[in-house]
Amino acid sequence: MNLPGGLKRRGWLGLMLSGLPWWAAGLRPAQAQRMNSGHLLTLEDMVRPWVAGAQWVQADVKLNAPLLAENGSLVPIQVQVNSPMTAQDHVTHVHLLSQRNPVTHMAVFQLGPWNGLAEISTRVRLAGSQDVVALVRLSSGEFRYDRMHIIVTESACVDAS
């Protein structure tokens, strides 16, 4: 039996099945981004994938955000790191991690001695009240962090996006 385009039934079936792996691969971004489905992670669960066994301590980092956010879609966050920002001693990365969001790793910023100051400001989406962690990687390979609990009255990320 010939179908449109001159293909036989088996040709169409092969064409449809060859597209199946691509479609199935499209279902994987949630796994690749480590979606949490709204459950609360511990501090160690949030930090472990990024530190890879390196030392991490709560020092030299100041995370500023409102204690109460009325709208979880636009929560302003500022991170300041006490660092000389010289070629030998500087901040290389600032990670923003979420305890409850569908995707834990909200943002990463790359810094270097050319920045002069180790400060970032941004806005994030939060799926409800939770802890937010600013994890900072230093040029020495060490990690520093600060943690803050933010109460959200109207949650973002309700649709797991």
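Along the sequence shown, the residues carry numbers beginning at 1.
- Surrounding CG of Leu67 are at most 12 heavy atoms belonging to other residues, nucleotides or ligands under 6.0 Å away.
- A distance of 11.0 Å separates CD in Gln99 from CG in Leu97, rounded to the nearest 0.5 Å.
- In this structure, Gly128 and Val152 approach most closely via the heavy-atom pair O-CG2, 3.5 Å.
- When atom types are taken as modelled, the side chain of Asp89 and the backbone of Thr86 share no donor-acceptor pair closer than 3.5 angstrom.
- Nearest heavy-atom pair, Leu126 versus Val75, reported as atom, atom and distance to 0.1 Å: CD1-CG2, 4.0 Å.
- The closest donor-acceptor contact from the side chain of Thr104 to the backbone of Met46 lies at 3.5 Å or more, if one exists at all.
- Ring geometry for His95 against Trp50 counts as parallel: the plane angle stays under 30°, on a 0 to 90° scale with 60° as the upper cut.
- With rounding to the nearest 0.5 Å, the separation of CZ in Arg125 from CG in Asn101 is 8.5 Å.
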Under the side-chain contact (heavy atoms from CB on, under 4.5 Å) rule, what do Val81 and Arg144 come out as? Steps first, then yes or no, please. CA-CA 9 Å; Val81 185; Arg144 306 281 189 258; 5.9 Å; no
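- Surrounding CD of Glu70 are at most 12 heavy atoms belonging to other residues, nucleotides or ligands under 6.0 Å away.
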- Start with the C-alpha gap between Glu119 and Val79, add the side-chain angles, then the distance that decides, and say whether side-chain contact (heavy atoms from CB on, under 4.5 Å) holds. CA-CA 6 Å; Glu119 295 183 4; Val79 179; over 6 Å; no
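- Of all heavy-atom pairs spanning Asp45 and Leu41, the tightest one is CB-CB, 4.1 Å.
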Pair His93, Val136 - check side-chain contact (heavy atoms from CB on, under 4.5 Å), show working. CA-CA 6 Å; His93 295 85; Val136 175; over 6 Å; no
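- Between Pro66 and Pro76 there is a side-chain heavy-atom pair separated by less than 4.5 Å.
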What do the steps show when you test Phe109 against Asn115 for side-chain contact (heavy atoms from CB on, under 4.5 Å), and what is the final call? CA-CA 12 Å; Phe109 301 89; Asn115 288 101; over 6 Å; no
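- Atom CD1 in Ile150 sits 8.5 Å away from atom CG in Asp131 (nearest 0.5 Å).
- Put simply, CZ on Arg48 and CG on Leu43 are 10.5 Å apart, with the number rounded to the nearest 0.5 Å.
- Between Thr122 and Met106 there is no side-chain heavy-atom pair separated by less than 4.5 Å.
- With a 4.5 Å cut-off on side-chain heavy atoms, Met85 and Val91 count as touching.
- Side-chain contact between Trp56 and Val47 is present, with heavy atoms from C-beta onward closer than 4.5 Å.
- Rounding to the nearest 0.5 angstrom, the gap separating the CD atom in Gln78 from the CD1 atom in Ile120 is 8.5 Å.
- Scanning all heavy atoms of the two residues, the minimum distance from Ser139 to Gln88 falls at OG-O, 3.3 Å.
- When every heavy atom of His90 is checked against every heavy atom of Ser83, the shortest pair comes out as CA-OG, 3.7 Å.
- Here the closest heavy-atom approach between residue Pro102 and residue Ala127 is recorded as CD-CB, 4.2 Å.
- Separation of atoms CD (Glu142) and CD (Gln55) is listed at 5.0 Å; rounding is to 0.5 Å.
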